[in-house]
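It should be emphasised that the depicted structure is a prediction, and the values quoted were computed from it without experimental measurement. The chain is numbered in sequence order, starting from 1.
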Amino acid sequence: YPATDALLLIAAVSPGGRDFLVLIDPDSQPGKGVAADAALVNGFTPKRWKELGAVPIHQAMEWFRDWLHAEQSRQPWQGIVCHNVTHDRGFLLEAERMTGIELPVRYDWRCSMSEFQRQMDLGLITRGSGSLDRLGELSGFWKKEGGRESTHDAMQDARAALHGWEWLRENAASAGVQWGVT
């Protein structure tokens, strides 16, 4: 929950393949904690984060803002794709509030989970889970049986969301369905 839980990392990948990853020191977020399930999923321990170079949230947001600006100027901008945009955007909006650093993408978000579910509703994809694991498997991102290579890797998830988004776009086009129209 963005109001009570610390943002532990930001991972992003551009269509051109440029990666952004920063680990964030939860101690730089007053009043926020690290839930046990989040620590388990991310492999977080204070010692590990320190060893991996976690930075204060203010620094992380400055770096991410600068990366986004650079990516917007480098190629035709298509927005930020997340698999669960409500979750990811909630944490970044809270980080903006805490730091006063506004990201240049306030209204420019795409949700691969919503498009995935829309295509299931239209019968373009067999009904089932709308999870990133399933999207990654169907789109061919995770080629091995069982999907993910690790319990959770934020960069891997960012790549899977982008790959899945592009696959969903191709899937809609091959079915003659207008992209993004309900």
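- Between Leu7 and Leu92 there is a side-chain heavy-atom pair separated by less than 4.5 Å.
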Item checked: side chain to side chain contact (heavy atoms under 4.5 Å, CB included) assessment of Lys47 paired with Glu51 -> CA-CA 6 Å; Lys47 180 182 177 189; Glu51 288 170 354; 3.0 Å; yes
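- Closest of all the heavy-atom pairs between Ala12 and Phe64 is CB-CE1, 3.9 Å.
- Taking the side chain as every heavy atom from C-beta outward, Asp25 and Lys50 never approach each other to under 4.5 Å.
- Between Phe44 and Trp49, the ring planes lie perpendicular to each other; the angle is over 60°, past the 30° to 60° tilted range.
- Looking only at side-chain heavy atoms (C-beta outward), Trp67 and Val22 stay at 4.5 Å or farther from each other.
- A distance-only check finds a donor-acceptor pair linking the side chain of Arg48 to the backbone of Gly43 [under 3.5 Å].
- The minimum heavy-atom distance linking Trp165 with Cys111 is given by the pair CZ3-O, 3.6 Å.
- A donor-acceptor pair is defined here as one N or O able to donate and one able to accept, closer than 3.5 Å; such a pair exists between the side chain of Asp5 and the backbone of Tyr1.
- Formation of a donor-acceptor pair under 3.5 Å by the Gln29 side chain with backbone atoms of Ile57 is not found in this model.
- Across every non-hydrogen atom of Met61 and Ala95, the tightest pair is SD-CB, 3.6 Å.
- Judged purely by atom type and a 3.5 angstrom limit, Lys32 uses its side chain to pair as donor or acceptor with the backbone of Pro2.
- Considering all non-hydrogen atoms of both residues, Ser139 and Gly136 come closest at OG-O, 3.4 Å.
- Rounded to the nearest 0.5 angstrom, Ser114 OG and His83 NE2 are separated by 9.0 Å.
- Arg118 and Glu115 are joined by a salt bridge, as a carboxylate oxygen and a charged side-chain nitrogen come within less than 4.0 angstrom of each other.
- Taken to the nearest 0.5 Å, the CD atom of Glu102 stands 9.5 Å off from the CG atom of Leu93.
- In this structure, the separation between CD1 on Ile24 and CD1 on Ile10 is 4.0 Å, given to the nearest 0.5 Å.
- Rounding to the nearest 0.5 Å gives a distance of 10.0 Å between CG of Leu103 and CG of Asp66.
- Summarising the geometry of Ser28 relative to Pro56, their closest heavy-atom pair is OG-CA, 3.5 Å, with the distance given to 0.1 Å.
- Side chain of Gln119 to main chain of Leu168: a donor-acceptor pair is present (N/O by atom type, distance under 3.5 Å, no hydrogens or angles).
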Check: Could you walk me through whether Arg97 and Glu94 pass the salt bridge (Lys or Arg N to Asp or Glu O under 4.0 Å) check?
Finding: CA-CA 5 Å; Arg97 185 198 66 75; Glu94 176 64 8; 2.6 Å; yes
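- Note: Phe91 and His87 have tilted aromatic rings, judged against thresholds of 30 and 60 degrees for the angle between ring planes.
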Next item on the list: Check the pair Trp63, Val55 against side chain to side chain contact (heavy atoms under 4.5 Å, CB included), reporting the backbone distance first and the verdict last.
Entry: CA-CA 10 Å; Trp63 288 349; Val55 300; 3.8 Å; yes
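- Contact annotation: the side chain of Leu132 approaches that of Trp142 to within less than 4.5 Å [non-hydrogen atoms, C-beta and beyond].
- If you take CG on Leu135 and CD1 on Ile125, they are separated by 7.5 Å, rounding to the nearest 0.5 Å.
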Check: Going through the checks in order, is the side chain to side chain contact (heavy atoms under 4.5 Å, CB included) test met by Gln72 and Val105?
Finding: CA-CA 10 Å; Gln72 286 176 319; Val105 292; 3.8 Å; yes
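- Within the 4.5 Å cutoff, no side-chain heavy atoms of Leu68 are placed close to those of Phe20.
- Minimum interatomic distance between Ala11 and Ala158 (heavy atoms only, all atoms of both residues): O-CB, 4.0 Å.
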Next item on the list: Tell me, with the steps shown, if Met113 and Val85 meet side chain to side chain contact (heavy atoms under 4.5 Å, CB included).
Entry: CA-CA 8 Å; Met113 184 170 59; Val85 77; over 6 Å; no
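- Here Phe116 contributes atom CZ and Arg134 contributes atom CZ; the two are 4.5 Å apart, rounded to the nearest 0.5 Å.
- The backbone N or O of Pro104 lies less than 3.5 Å from no partner atom in the side chain of His69, so there is not a single donor-acceptor pair.
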